[in-house]
Amino acid sequence: MVDAVSTEQTARDHTAGMSAPPELPELVLRALRMSLQRGYVQASRTETGRLLATLAATRTGTIAECGTGCGVGAAWLRSGAPKATRVVTAEVDPGLAHGVMDMFADDDIDVIHADWRTLAAHAPFSLIFMDAASARDWPREEVTALLDEGGMLVLDDFVPCASWPPLRGGRVDDLRVAWLSDDRFTSVDVMVAEDTSVLIAVRR
Ligand SMILES: C[S@@+](CC[C@H](N)C(=O)[O-])C[C@H]1O[C@@H](n2cnc3c(N)ncnc32)[C@H](O)[C@@H]1O
């Protein structure tokens, strides 16, 4: 039986080794509970979530998430963003999309059951959040075109790498190199946990 205590415990396990208040936003707790109930293991970790909320706090206009999962990333984004900033998220899996839609029905998060490319109809975005695996399938120029001037792209789920160029499975990580070397962006690869880094690229 999944309950709030085990949800909090899971979140605390994720933040072991970092200094952060243990309390989580109620929206995030709800999404973590759904992840546990469905055995969904791809949810954003809490370290990434805190970063997302902080970045979202600087954003106006519309924030987009590609791949909702059980709504953890969207919950962090909504928790940090100013009230007037819109949060829209797309998920291709019908069960996940409709589950999150129901869960966030009263929470000012627009959940769309669709391929993330349909998000283009809601652009431009002040922030786009997606995981690295998804980003490998989406041409960089298409993503860039959806970003507002000053807009930021946040790519989750990289493995930290101290060398240049960054490696992935023993080979050069072309995706990371491309974003970190693109002159149209100011970018950084931030290690949020021992085994995870997040790339942030801000369009000049
Ligand atoms: C890493 S998970 C997302 C985790 C989520 N962003 C979070 O913060 O917890 C990737 C999700 O993208 C969804 N997905 C994969 N391809 C997609 C597509 N073309 N359009 C929309 N969603 C997609 C998958 O079903 C999966 O739920």
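All values reported here derive from a predicted model rather than from experimental measurement. Start at 1 and go down the list; that is how both ligands and their atoms are numbered.
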Under the side-chain hydrogen bond (donor to acceptor under 3.5 Å, both in side chains) test, which residues partner Glu26, sequence neighbours left out? Arg30
Joint cluster assignment, Phe158 & Leu167, ILVMFWY side-chain distance < 4.5 Å: yes
In Å and rounded to the nearest 0.5 Å, what is the CG to NE2 distance from Asp93 to His98? 9.5 Å
CA sep, side-chain torsions, deciding dist, call: Arg204, Asp182, salt bridge (Lys or Arg N to Asp or Glu O under 4.0 Å): CA-CA 11 Å; Arg204 295 178 201 271; Asp182 190 327; over 6 Å; no
Salt bridge flag under 4.0 Å for residues Asp195 and Arg45: yes
Would you call Ile63 and Ser126 a side-chain contact if the rule is heavy atoms closer than 4.5 Å? yes
Quick one, list the residues around ligand 1 where some non-hydrogen atom comes in under 4.0 Å, by chain and residue number. Tyr40, Gln42, Ala43, Ser44, Glu65, Gly67, Thr68, Gly69, Val72, Gly73, Ala90, Glu91, Val92, Leu96, Ala114, Asp115, Trp116, Phe129, Asp131
